[in-house]
Amino acid sequence: MQKRKRVLITGGSGFLGSHLCERYIAEGYEVFCLDNLSTGREENVAHLFRDGNFVFIKYDVTNYLHIAGDLDLILHFASPASPIDYLEMPIQTLKVGSLGTHKALGLAKAKNARFLLASTSEVYGDPLIHPQQEEYWGNVNPIGFRGVYDEAKRFAEAMVMAYHRFHNLDTRIVRIFNTYGPRMRLDDGRALPTFMGQALRGEDITIFGDGLQTRSFCYVDDLVEGIFRLSQSDYTNPVNIGNPAEITILEFANEILKLTGSKSRLAFKELPTDDPKVRQPDITKAKEILGWEPKVGRSEGLQKTYDFFRSRM
Ligand code: NAD
């Protein structure tokens with residue numbers, strides 16, 4: 001009988017990590033979910049506790065890291081990810097992107113495991129080219145408030161490439177664009193849960209700036225499919241995974257008002273510093289290399305996410 005493959009998912013009880021745990025179990029892996037529960041929740045993976053192929057480890061990845069036995073793959077997803085979280089935890093965010101990535105890479109080297117880093121479209125900063133393709137180096141303010149997240153991820157990418165080039169480690173980098181779906185936190189400060197929470201409570205919908213800044217939202221199932229395919233591919237340079245359907249924040253708020261049937265009104269607030277004005281992934285590489293493109297449209301994805309939030313309120 002073929003031995004079951006083993007994957008370590010750091011940040012495994014967060015929003016994206018929990019969906020990845022499910023997917024890799026379904027693909028026949030034994031899954032080690034490592035998380036310090038700083039922004040993630042145990043309830044995201046509680047339904048997996050009875051599965052014989054799931055192990056939960058409460059641990060901070062910035063500390064010395066050891067897992068007994070073989071490992072085939074490490075998915076490094078641990079990091080605060082929403083602006084509210086990383087602005088509240090600036091030093092932890094820098095530490096997990098730097099020390100945490102170093103520890104996880106060291107473990108991958110010791111186990112001869114493949115390593116996949118969850119990077120972000122934020123490495124492009126407030127972009128000067130549009131849509132963003134992987135060759136673009138970005139426009140990031142290193143000393144701005146958001147720099148703690150953006151620069152941590154840029155450092156993490158540099159560290160991954162150094163391990164790849166210097167230690168011949170088998171590595172992958174996914175640059176994730178805004179992703180949404182069930183298990184997001186209503187209070188995480190990202191546009192979608194904020195708008196949905198405000199609509200459900202009948203509060204004003206807060207729009208930063210004039211709302212004409214754009215974002216592109218990808219449904220979580222599509223993202224997980226892209227990440228799974230990248231983890232099985234041979235491609236070692238960064239790959240954008242996101243949904244290129246671009247929308248202004250104002251249009252997005254109106255879609256949510258329509259979906260929820262809420263009578264909430266729009267309230268405009270000052271734009272936070274260094275907020276990107278546009279965001280849209282160029283997914284040519286994902287299409288050509290992974291045969292991947294998003295399948296879930298916004299109306300379907302928003303409905304599923306809304307049903308999740310409503311069931312929790
Ligand atoms: P999340 O906050 O739900 O998940 C992050 C998880 O990492 C949490 O469970 C948290 O407890 C854990 N964690 C944080 N620091 C840790 C540490 N030191 N040790 C162990 N665990 C730690 O956020 P998410 O949206 O699921 O994001 C997951 C990853 O994907 C992050 O690396 C994020 O930067 C990246 N990403 C997400 C998006 C998105 O749209 N959701 C976009 C770009 C990149």
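One-based numbering, in listed order, for ligands and for the atoms of each. FYI, the numbering just counts along the sequence from 1.
- The shortest N/O to N/O separation between A78 and ligand 1 does not fall below 3.5 Å.
- Each of the following atoms of ligand 1 lies closer than 4.0 Å to a heavy atom of G40: 8 (C), 9 (O), 10 (C), 11 (O).
- Transitive grouping of hydrophobic side chains (ILVMFWY, heavy atoms separated by less than 4.5 Å) keeps L75 and V96 in distinct clusters.
- Inter-residue side-chain proximity for F155 and L94 is flagged as unmet; no heavy-atom pair is nearer than 4.5 Å.
- Using 4.0 Å as the threshold, G100 has no heavy atom nearer than that to any atom of ligand 1.
- Considering only non-hydrogen protein atoms, atom 3 (O) of ligand 1 sits nearest to F15 N, 2.8 Å.
- Neither side chain, S264 nor Q198, offers a donor N or O lying under 3.5 Å from an acceptor on the other.
- Near L37, meaning under 4.0 Å from one of its heavy atoms, ligand 1 places the atoms 11 (O).
- Nearest-residue assignment for atom 33 (C) of ligand 1 (options Y149, Y59, Y86; heavy-atom criterion): Y149.
- Among protein heavy atoms, the minimum distance from atom 38 (C) of ligand 1 is reached at I176 CG2, 3.8 Å.
- Among protein heavy atoms, atom 10 (C) of ligand 1 sits closest to T39 OG1, 3.2 Å.
- The single protein non-hydrogen atom nearest to atom 31 (C) of ligand 1 is F77 O, 3.2 Å, given as residue, atom name and distance.
- A donor-acceptor contact under 3.5 angstrom links the side chains of N240 and Y124, judged on distance only.
- Here the protein heavy atom with the shortest distance to atom 19 (N) of ligand 1 is V61 N, 2.9 Å.
- For atom 18 (N) of ligand 1, the nearest protein heavy atom (residue, atom name, distance) is D60 OD1, 2.9 Å.
- Of the candidates C33, S38, S121, S13, it is S38 that places a heavy atom closest to atom 15 (N) of ligand 1.
- Applying the ring pair (Phe, Tyr, Trp, His ring centres under 6.0 Å) test to residues at least two apart or on different chains, the pairs with a partner in residues 212-236 are Y24-F228, Y180-Y219, F217-F252.
- Proximity of N178 to ligand 1, defined as any heavy-atom pair under 4.0 Å, is confined to the backbone N, CA, C and O atoms.
- Aromatic ring pairs are classed by plane angle as parallel below 30°, tilted from 30° to 60° and perpendicular above 60°; the pair F49 and F54 is parallel.
- The environment of R310 atom CZ is dense: over 12 non-hydrogen atoms of other residues, nucleotides or ligands sit within 6.0 angstrom.
- For K153, every heavy-atom contact with ligand 1 shorter than 4.0 Å involves the side chain, none the backbone.
- The heavy atom nearest to atom 26 (O) of ligand 1, considering only L223, L16, T10, D85, is found in L16.
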* Determine, step by step, whether N139 and D126 satisfy the side-chain hydrogen bond (donor to acceptor under 3.5 Å, both in side chains) criterion, reporting the C-alpha distance in whole Å, the side-chain angles of both residues, the deciding distance to 0.1 Å, and the verdict. => CA-CA 6 Å; N139 177 38; D126 189 6; 4.9 Å; no

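- Using a 4.5 Å heavy-atom threshold, the side chains of L266 and N254 count as touching.
- The shortest N or O to N or O distance between H76 and ligand 1 is not under 3.5 Å.
- By the 4.0 Å heavy-atom criterion, G12 is excluded from the residues contacting ligand 1.
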* To do: Give the intermediate values and the outcome of side-chain hydrogen bond (donor to acceptor under 3.5 Å, both in side chains) for residues S119 and E157.
  => CA-CA 7 Å; S119 184; E157 287 198 9; 2.5 Å; yes

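- With a heavy-atom cut-off of 4.0 Å, R190 touches ligand 1 through its side chain alone.
- The distance from ligand 1 to the heavy atoms of G14 drops below 4.0 Å at these ligand atoms: 3 (O), 4 (O), 8 (C), 9 (O).
- No hydrogens or angles considered: a donor-acceptor pair under 3.5 Å links the side chains of R279 and S121.
- By the salt bridge (charged side-chain N to carboxylate O under 4.0 Å, His left out) test, K304 is found to be paired with E300, residues two or more places apart in sequence or in another chain being considered.
- One option in G11, S79, A81 has a heavy atom closer to atom 5 (C) of ligand 1 than any other, and that option is S79.
- Scanning the protein for heavy atoms near atom 17 (C) of ligand 1, the closest one is N36 ND2, 3.3 Å.
- When hydrophobic clusters are built by joining Ile, Leu, Val, Met, Phe, Trp and Tyr residues whose side-chain heavy atoms come closer than 4.5 Å, directly or via intermediates, L117 is not grouped with I241.
- Summary of contacts: the protein heavy atom closest to atom 12 (C) of ligand 1 is D35 OD1, 3.4 Å.
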